[in-house]
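Reminder, nothing fancy here: chain letters follow the sequence lines and each chain counts from 1. None of these values were measured; they are calculated from a predicted model.
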Amino acid sequence: MRYVILDFKEEILRKLKDYLDVPEQLIELESPPKERGEFALPCYSFAKELKNDPNEIAKKLEENLEVENGTVERAGPYLNFKIDRSYLFEETIKNCLMTEESFGRLPSKSKKILVEHTSANPNGPLHVGRARNPVIGDTLARIYEKIGYQIEKQYYVNDIGRQMAVLVWGLINLEEDDLAKVERKKKDHQLVRYYQRVNELLEEDESLEEEIQEIIQSMEMGDKETLEHFKENAEDVMEGIIESLERLNIHLDSFKNESSLIIDGSVEKLIEDLSSLENVGEEDGALYYEKEGNKTFIARENLTSLYPARDLAYHVWKAEKADELVNILGEDHKLHGEFVKEALKDLGIETIPEIIFHSFVTFEGKEMSTRKGTYVTLDDFMDTAQKKAKLEIEKRKNVEPEDMNAIAEKIGVGAVRYDIIKVQPQKPIDFKWEEALDFEGDSAPFIQYSYTRANSILEKWTGKSLDIGNLELTDSQEGEIKLIRKIAEFPRILIESGENNSPHLLAKYAHELAAEFNRFYRDYPVLHSEEKKELRIAIVKSFKFAMASVMDTLGLEKPKRM
RNA sequence: GGGCGUGUGGCCUAGUCUGGAUAUGGCGACAGCCUCCUAAGCUGUAGAACGGGGGUUCGAAUCCCCCUACGCCCGCCA
């Protein structure tokens, strides 16, 4: 697994560090404008250090540096490093044809990362806002995996707590007639109606709150029947949530129930451990953890646990399960995240989670709320996208009728994932049907379409297998090189998006790669060219493998036609 | 009141961490491209001095300070 672009960068850095007598961190490579090469070194940063004019330094470097299979060229105070085009072209094609759909994968590491994502309360179906978390988590996990880490994807099931007590009360006391009608049979859609109705009733009748509290109490005191109620309902809703996630191509490796931490005594033990800390105080019998003026209550006056304590117990447990922890959380958990990190440190635990926060998703400018029922469910979003995709497919007549539904599903679901992942996590998203269902431009169908075009050429190609050794790879043209160069960038993008927890960069790359292929497709006939047919088949194949790898990493399905 | 985040052409968005060479791409608009491998495509035109102000610097969308708009948080809820 050698990638020319990574090797090239390594070589440049090594030689620069060797040659320049300046602190290493001053040597930063950046990306120059497209045609100048792969890497650039602005010579300003260390000009002071060397007491010399950046232009002069660049001049000297240009004269004295040589790189294998590439050139060093000065442009004012910049030094541009360009890989020899034919070398880049040849090596990348060979690499793609050899590694096939695992192109871009880096050597596997022994380090294990546990990614916690979704962890939505099991009181109703996921809505579009809640879907942001799993899409970010799953995509990041796929990126880490491709970079070589061992991955476990975990869902923390908040199967106890007030929100579940509300649902439990509803199931005990309400009849089907009390509820709004819902067509979908999935249990998450069915059960959420109880949750929503009870919340309505709570606004009218305050005495209800007492009954809810009673349920919470008996649950926390470990009442078997109540706990059983909680467990059953949580499981039913989870069944629906998991089904939706699976449809989105998101598969969890493990689930951890919040209740298990109470049942096995680890919450109780944790509260004991915390009590001995200096920054844990007491107020009317209730316990709180205090840091920088922020009080976080961890136990009630009756010493039953609160969510922060339970989540902390979960992290203590998790710390043993992996080398690194990554959590995906909504921005409303920022303060809570700080609490978890600080408290873990105080407890002497070294595996502190890295937390990726994402902003909320609004729907046409309005808040989405499970409680109020003001949302677009993920299931509806996927259904609508699938239907729209089907209409588009029908227009084009490229697909056999019996494959129609399956392909529409791949396109619809891909569109949903891509629509969510293409925006950087910390930015708010306002969900609009029209934009989400736009299958042109910066969208998953655009990417999938480029893939089917490549696939279609390869299907029609009647030649035998390519003989890589005998391929004439020297006489390449500009657009061909551009495409291959874009392909070669993949490992670099993969590392960048993984290191910075920026899955949106990979989405952007996928779009650029597809666009580059579409230009190649327009400019260079493959099957209709005589002398260059084999070479172009090799290019198309390379693209197909690279794009397959990119799409897998984004969790997008790969339709053969559309 | 305090904390965190966000503000880039009419709309959406990349770049901000790690300051640097003409600010990325999409939607929409306008003008074009299917006797040729799927036009969910491609080309061109118009459109942004990067929320406002100050500062640091040879150089600021990027760093610092102030202000402003919006979101989130500051519960013996989760």
Sort out the partner of [N] for me: Watson-Crick or G-U wobble, both distances under 3.5 Å, none otherwise.
N	value
B:G71	B:C4
B:G47	none
B:A40	none
B:G19	none

Whole-angstrom distance between [N] and [M], as gauged at atom [atom1]:
N	M	atom1	answer
B:G19	B:C58	C1'	12 Å
B:U62	B:U6	C1'	15 Å
B:G28	B:G41	P	10 Å
B:A61	B:G53	C1'	16 Å
B:G7	B:U13	P	9 Å

Quick one about [Y] and [X] (side-chain donor to acceptor, distance below 3.5 Å, no hydrogens or angles considered), yes or no?
X	Y	answer
A:Arg536	A:Gln477	yes
A:Asn302	A:Gln217	yes
A:Glu496	A:Tyr509	no

Problem - Cation over ring face, A:Lys388 and A:Phe439, 6.0 Å, 45° - result: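 Yes, A:Lys388 sits over the ring of A:Phe439.
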
[X] side chain, from C-beta outward: closest of [options]:
X	options	value
A:Tyr449	B:G41, B:A78, B:C27	B:G41
A:Glu440	B:U38, B:A40, B:C72	B:A40
A:Glu301	B:A40, B:C76, B:U6	B:C76
A:Asn294	B:U38, B:C74, B:G71	B:C74
A:Lys508	B:A78, B:C36, B:U24	B:U24
A:Ala286	B:C76, B:C37, B:A21	B:C76
A:Glu30	B:A21, B:U38, B:U43	B:A21
A:Arg396	B:U6, B:A39, B:A21	B:A39
A:His528	B:C4, B:U6, B:C37	B:C37
A:Ala40	B:A21, B:C42, B:U38	B:A21

Taking atom [atom2] of [N] as reference, at what distance in whole Å does atom [atom1] of [X] sit?
X	N	atom1	atom2	value
A:Trp433	B:C12	CH2	C1'	18 Å
A:Leu506	B:G25	CG	C1'	16 Å
A:Tyr418	B:U13	OH	P	14 Å
A:Lys460	B:C36	NZ	P	12 Å
A:Phe357	B:G5	CZ	C1'	11 Å
A:Leu437	B:G28	CG	P	14 Å

Exercise for the section: Check A:Arg561, A:Lys558, A:Lys544 against A:Asn455 for a side chain to side chain donor-acceptor pair (under 3.5 Å) and give me the one that passes. Expected result: A:Lys544

Problem - Audit row: A:Val166, A:Asn199, side chain to side chain contact (heavy atoms under 4.5 Å, CB included) steps and yes/no - result: CA-CA 8 Å; A:Val166 167; A:Asn199 274 299; 4.1 Å; yes

Practice task
Classify the side chain of A:Asn80 versus the base of B:A21 as yes if they form a donor-acceptor pair under 3.5 Å and no if they do not.
Solution key: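 Between B:A21 and A:Asn80, which were checked side chain against base, a qualifying N/O pair under 3.5 Å is present.
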
Handout entry: side-chain N/O A:Gln424 vs B:G15 OP1/OP2, d < 4.0 Å
Key =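 Looking at the OP1 and OP2 atoms of B:G15, one of them is under 4.0 Å from a side-chain N or O of A:Gln424.
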
Practice task
Verify the contact: side-chain N or O of A:Arg453 to OP1 or OP2 of B:A40, cut-off strictly under 4.0 Å; return yes or no.
Solution key: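 Answer no for this pair, as no side-chain N or O of A:Arg453 is under 4.0 Å from OP1 or OP2.
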
Practice task
Could you classify B:C34 for me, syn or anti, using a glycosidic angle within 90° of 0 as syn?
Solution key: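 That one's syn.
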
